[in-house]
Amino acid sequence: MTQSAATPDRRQVVTPTRVIAGLCLIAPFVAMLWVSSYARIEPTLIGIPFFYWYQMAWVLISTVLTMIAYKLVQREQRARKGGGSQ
């Protein structure tokens with residue numbers, strides 16, 4: 001019975017911050033699954049075909065977007081608990 005009393009506090013709510021975090025996490029998947037957008041050789045970068053350097057760029061972009069999503073959710077959870085200081 002004590003767990004059911006704690007459930008409303010822990011209920012997940014869809015907020016604009018979480019939507020933005022979700023978009024940050026979905027963007028790399030969409031970019032990589034849309035193969036026709038990068039299935040070409042030109043333009044090359046230092047002799048590396050576009051097909052390869054585009055994918056490698058998304059490795060870095062994905063890292064940054066994941067970090068942003070994590071920080072957004074972390075900041076929101078901290079504000080929800082009442083400890084708004086960073």
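Nothing here was measured: the structure is a model prediction, and the numbers come from that model.
Of all non-hydrogen atoms in A21 and A69, the two that sit nearest each other are O-CB, 3.6 Å. Nearest heavy-atom pair, I68 versus C24, reported as atom, atom and distance to 0.1 Å: CG2-SG, 4.1 Å. Of all heavy-atom pairs between V59 and T63, the closest is O-OG1, 2.9 Å.
Residue Y70 holds its OH atom at 13.0 Å from CG of L25, rounded to the nearest 0.5 Å. Taking CD from E76 and CZ from R18, the interatomic distance works out to 4.5 Å, rounded to the nearest 0.5 Å. Atom CD of Q74 sits about 11.5 Å away from atom CE of M67, to the nearest 0.5 Å. Atom CZ of R78 sits about 15.0 Å away from atom CZ of R80, to the nearest 0.5 Å.
Aromatic ring pairs are classed by plane angle as parallel below 30°, tilted from 30° to 60° and perpendicular above 60°; the pair F50 and Y54 is tilted.
In terms of modelled atom types and a separation under 3.5 Å, the side chain of W53 and the main chain of P43 share a donor-acceptor contact. Using modelled atom types, no side-chain atom of Y38 and backbone atom of A31 make a donor-acceptor pair closer than 3.5 Å.
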Give the intermediate values and the outcome of side chain to side chain contact (heavy atoms under 4.5 Å, CB included) for residues L72 and I20. CA-CA 8 Å; L72 285 171; I20 292 170; 3.8 Å; yes
With side chain to side chain contact (heavy atoms under 4.5 Å, CB included) as the test, would you mind laying out the steps for W58 and L65 before giving the verdict? CA-CA 10 Å; W58 270 101; L65 289 174; 4.1 Å; yes
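Residues I48 and V35 share a hydrophobic cluster, clusters being chains of Ile/Leu/Val/Met/Phe/Trp/Tyr side chains in contact below 4.5 Å. Residues F51 and M56 fall into different hydrophobic clusters, defined by Ile, Leu, Val, Met, Phe, Trp and Tyr side chains chained together at heavy-atom separations under 4.5 Å.
Taking a 6.0 Å sphere around CD1 of I41, one finds it holds 12 or fewer heavy atoms contributed by other residues, nucleotides or ligands.
Residues T17 and V73 are not in side-chain contact: their nearest non-hydrogen atoms beyond the backbone lie 4.5 Å or more apart.
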